[in-house]
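As structure tokens, the structure follows; a few thoughts come after it.
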Amino acid sequence: MFFRKSSPFAENDLLSVIQACRTNDPRAQRALFKQFFGYAKSICLRYTSSVEEAEDVLNEGFLKAFQHLDSYNDALPFKAWLRTILVNTAISHYRKNSRFEQHTSLEAGEQVSFDDNIVDQIAAEEILALVQKLTPTYRTVFMMHVVDGYSLHEIAGILEHNEATVRSNYARARQKLQILIKQAYPFYENSGPGASIPYHEN
């Protein structure tokens, strides 16, 4: 009976693990998955509405990563490369499972104000929980623009939708998130001068 010999690697040496993964070594794949599981899951949670959905995206993303490790440049940060794959996987997941919602435009300056220190006083996990309450469209556009740095023009191209619609959905996502924050933390509402989530036009 034939047994495939595993490639030697050191778990504390990332490049060693990656090289072993390129030979389809299951132990190395498990080591890489374990090392980046928390980081990857945090990215997937930003684009999904539940832990179960996030894990589906995470598993698909890691599968793509293992399949395309030969394209990874060892001289560049692995986290950045993995993040790109995970974000693209999450966007593909959204496109396959959601219809883009058409909305009338909002004025760019339309905002719901809250105390200027509110975001600093809310834990990142709590902000994420509120973001997950947004519709898939709002959540995807908001995260792509605010967290992952895509311009609204780029988002329109990636999602294959009209830029005006993307701008409208981004404005509405900001508005809805601000309302959710005020509902969840009403004690901040009158505690100081008002402010809003920054609006990015580009």
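When a residue number appears, it is its place in the shown sequence, counting from 1. Just the heavy atoms: all of them, side chains too, but no hydrogens, waters or symmetry mates, feed the values below.
- M143 contributes atom CE, which lies 9.5 Å from atom CG of L134 (distance to the nearest 0.5 angstrom).
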Exercise for review: Please assess L69 against Q19 for the test side-chain contact (heavy atoms from CB on, under 4.5 Å), listing each intermediate value before the final yes or no.
Suggested key: CA-CA 9 Å; L69 270 177; Q19 290 288 9; over 6 Å; no
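- A salt bridge links R22 with D74: the distance from a Lys NZ or Arg NE/NH1/NH2 to an Asp or Glu carboxylate oxygen falls below 4.0 Å.
- Taking all atoms of both residues into account, the shortest heavy-atom contact from I85 to G61 is CG2-O, 3.5 Å.
- Residues Y150 and H145 place their aromatic rings such that the two centres sit no closer than 6.0 Å.
- Side-chain contact, Y94 with T137: a donor N or O sits under 3.5 Å from an acceptor N or O.
- Residues F37 and V57 fall into different hydrophobic clusters, defined by Ile, Leu, Val, Met, Phe, Trp and Tyr side chains chained together at heavy-atom separations under 4.5 Å.
- The aromatic rings of Y72 and W81 are tilted relative to each other, their planes meeting at an angle between 30° and 60°.
- Side-chain contact between T140 and R95: absent, with no pair of heavy atoms (C-beta onward) separated by less than 4.5 Å.
- L86 and C44 make their closest contact through CD2-SG, 4.1 Å (heavy atoms, listed as atom of the first residue, atom of the second, distance).
- The line from CG of N169 to NZ of K176 is 14.0 Å long, rounded to the nearest 0.5 Å.
- In this structure, E154 contributes its side chain and S151 its backbone to a donor-acceptor pair below 3.5 Å.
- To the nearest 0.5 Å, atom CG of residue L32 and atom CZ of residue R27 are 13.5 Å apart.
- L63 and F33 fall into different hydrophobic clusters, defined by Ile, Leu, Val, Met, Phe, Trp and Tyr side-chain heavy atoms under 4.5 Å apart, directly or through other members.
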Practice item. Any chance you could lay out the ring-ring contact (aromatic ring centres under 6.0 Å, His included) test for F142 and Y138, step after step, and finish with the verdict? Key: CA-CA 6 Å; F142 183 86; Y138 291 168; over 10 Å; no
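- Under a 3.5 Å cut-off, the side chain of H93 and the backbone N or O of T89 do not form any donor-acceptor pair.
- For the atom pair NE2 of H153 and CZ of R167, the computed distance is 9.5 Å after rounding to the nearest 0.5 Å.
- Separating the CD1 atom in I179 from the CG atom in L130 is a distance of 12.5 Å, to the nearest 0.5 Å.
- Scanning both residues, T48 and A54, for their nearest heavy atoms gives OG1-CB, 3.2 Å.
- At a threshold of 4.0 Å, the pair E60-K96 counts as salt-bridged, since one of the basic side-chain nitrogens sits closer than that to a carboxylate oxygen.
- Using a 4.5 Å heavy-atom cutoff, the side chains of Y170 and I155 are not in contact.
- For the residue pair V17 and A28, the shortest heavy atom distance occurs at CG1-O, 3.5 Å.
- Closest of all the heavy-atom pairs between E163 and A156 is CA-CB, 3.7 Å.
- Geometrically, K79 engages Y39 in a cation-pi contact defined by less than 6.0 Å to the ring centre and at most 45° from the axis.
- Considering only heavy atoms from C-beta on, L14 comes within 4.5 Å of F36 through its side chain.
- One hydrophobic cluster holds both I181 and V147 under the rule that ILVMFWY side chains link at heavy-atom gaps under 4.5 Å.
- Listed here is the closest heavy atom pair of S49 and E53: OG-OE1, 2.9 Å.
- The backbone N or O of H161 sits nowhere less than 3.5 Å from a side-chain atom of T165 that would complete a donor-acceptor pair.
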**Study point:** Test log, rule side-chain contact (heavy atoms from CB on, under 4.5 Å), inputs M144 and Y47
**Key:** CA-CA 9 Å; M144 287 181 71; Y47 282 91; 3.5 Å; yes
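- Here the CD1 atom belonging to I43 is positioned 9.0 Å from the CG atom belonging to L58, to the nearest 0.5 angstrom.
- Side-chain contact between L159 and V141 is present, with at least one heavy-atom pair separated by less than 4.5 Å.
- At least one side-chain heavy atom of L45 sits less than 4.5 Å from a side-chain heavy atom of Q132.
- In this structure the side chain of L177 never reaches within 4.5 angstrom of the side chain of K133, judged on heavy atoms.
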